[in-house]
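To keep things clear, I will list the structure first and then write my remarks on it.
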Amino acid sequence: MDTINTHESTVQLAPSKSRFKYALLTVKEKVFNWYVLKTVVLGQMLSLFICGTAVTSQYLAEEYKVDTPMLQSFINYCLLFLVYTVWLAFRSGENGLLHILRNKWWKYILLAIVDVEANYSIVKAYQFTTITSVQLLDCVGIPVLMALSWFILRSRYRVIHYIAVVVCLLGVGTMVGADVLSGREEGKASDMLIGDVLVILGACLYAVSNVSEEYIVKNLTREEFLGMLGLFGTFISGVQMMVLEYNSIGNISWDWRIGLLFAVFALCMFGLYNVMPLVIRVTSATSVNLGILTADLYSLFFGLFLFGYNFSLLYILAFVVIMVGFIMYCSTATYHLEPTQAPPGDGIENSAMKDEETPQEPATPLQYIPGELSTERLD
């Protein structure tokens with residue numbers, strides 16, 4: 001009887017071991033592959049660019065009393081204009097500057113306004129509210145971004161994507177808790193309500209800008225997006241700079257240190273705008289926004305040496321939790337809901353950013369399967 005029981009238990013355990021081994025192999029294939037590694041590396045590169053802009057802005061404000069967010073953004077838009085708008089000017093046909101302006105100028109003006117005001121709102125919010133509030137409320141942009149992607153881009157998510165977002169937000173909560181315990185946010189708020197409203201506004205505007213960027217770089221071209229943003233962003237930020245910061249710019253005591261900080265800020269912002277469309281093209285705007293949640297942590301690590309921040313092990317825990325959530329999100333591809341074909345003459349066709357005169361092309365998936373990414377030229 002004992003022998004029979006032993007044999008039966010062995011037979012029953014074998015399938016369990018096989019299922020466990022299969023589960024481990026599945027996790028290994030999903031997590032430890034070139035696509036996830038490339039996405040994580042590029043996402044952290046974006047975080048470092050954002051960290052560079054944050055550290056240089058804070059150093060200008062604290063050490064030299066320079067508070068000119070529009071001037072800093074204006075320099076970046078000028079660089080985009082000189083590189084990508086001029087590039088478009090030398091193109092002909094449908095991809096040329098004149099054709100794009102004739103058919104889509106008002107759409108890109110709206111997009112430039114959204115992008116300029118998103119940058120301005122977030123930077124300006126630091127003058128009124130605490131770092132903790134900015135970190136917490138900035139996360140409002142993630143559910144807004146997912147909702148916009150759902151309705152506009154017709155992206156669909158799996159259960160693991162929602163779990164991954166929750167894990168990332170838990171990491172942000174850990175980071176905020178570390179700020180509270182270290183007293184990093186004490187004495188930094190002059191008008192919390194104004195600052196919190198600016199953060200929420202900036203987060204929502206960033207969500208709109210990122211969804212628009214995802215559509216353009218996956219259906220049109222990256223050069224068109226950056227070129228038109230450089231053209232109209234330069235004009236809008238220039239006008240706003242002259243209205244809001246004319247006196248502040250005149251009061252700057254220029255020397256080589258201040259010039260170097262402005263140059264580092266401009267290069268980091270220009271690098272961010274160049275790399276982000278590439279990352280969004282092979283992932284999604286939501287994935288990118290989850291990856292750059294670590295930017296505040298990189299800023300903190302620099303702040304330990306530059307601004308005398310207090311260190312806490314909770315910051316390391318927050319970084320690990322955010323990275324785990326980010327990898328979870330990247331491990332499984334989202335999918336794209338194909339639009340249903342309406343009968344001829346029914347409804348209103350939504351051509352979005354495309355030329356109204358261009359024939360409608362078959363819809364292509366907006367999220368790539370990891371196995372297909374070997375053909376992408378992003379190495």
Would you say that Y64 contacts W254 through its side chain, given a criterion of any heavy-atom pair below 4.5 Å between the two side chains?
no
Beyond-backbone contact of L297 with I322, side-chain heavy atoms, under 4.5 angstrom
yes
Considering only heavy atoms from C-beta outward, does the side chain of L153 approach that of K218 to under 4.5 Å?
no
T332 side chain vs M328 backbone, donor-acceptor pair below 3.5 Å:
no
Return yes if some donor-acceptor pair links the side-chain N/O of R158 with the main-chain N/O of A333 below 3.5 Å, else return no.
yes
Is there a donor-acceptor pair closer than 3.5 Å between any side-chain N or O of S284 and the backbone N or O of S287?
yes
Checking T39 against T283: is there a side-chain donor and acceptor pair closer than 3.5 Å?
no
Check each of T334, V167, I160 against Y329 using the side-chain contact (heavy atoms from CB on, under 4.5 Å) test, and report the only one that passes.
T334
Is a side-chain N or O of E245 found less than 3.5 angstrom from the main chain of M70, in a donor-acceptor match?
yes
Does some side-chain heavy atom of S149 sit less than 4.5 Å from a side-chain heavy atom of T286?
yes
Taking A118's backbone N and O only, do any of them form a donor-acceptor pair with S121's side chain (distance below 3.5 Å, no angle check)?
no
What donor-acceptor contacts under 3.5 angstrom involve side-chain atoms of residues 227-238, with partners at least two apart or in another chain?
| unit_1 | atom_1 | unit_2 | atom_2 | d |
| --- | --- | --- | --- | --- |
| T234 | OG1 | Y77 | O | 3.0 |
| T234 | OG1 | G230 | O | 2.5 |
| S237 | OG | G233 | O | 2.6 |
| S237 | OG | T234 | O | 3.4 |

Candidate pair F49 and M269, rule side-chain contact (heavy atoms from CB on, under 4.5 Å), full reasoning:
CA-CA 7 Å; F49 281 136; M269 185 67 81; over 6 Å; no
Is any side-chain heavy atom of L205 less than 4.5 Å from a side-chain heavy atom of Y120?
no
Do L317 and L313 have side chains that approach each other closer than 4.5 Å (heavy atoms only, starting at C-beta)?
no
With a 4.5 Å limit on heavy-atom distance, are the side chains of Q44 and M323 in contact?
yes
Sorted by chain and residue number, the side-chain contact (heavy atoms from CB on, under 4.5 Å) partners of L98 (sequence neighbours excluded) come out as R102
Any side-chain heavy-atom pair of N289 and Y206 under 4.5 Å:
no
What class does the angle between the rings of F270 and Y84 fall in, given that below 30° is parallel, 30 to 60° is tilted and above 60° is perpendicular?
tilted
Starting at CD1 of I216, measure out to CD of E213 and round the result to the nearest 0.5 Å.
8.0 Å
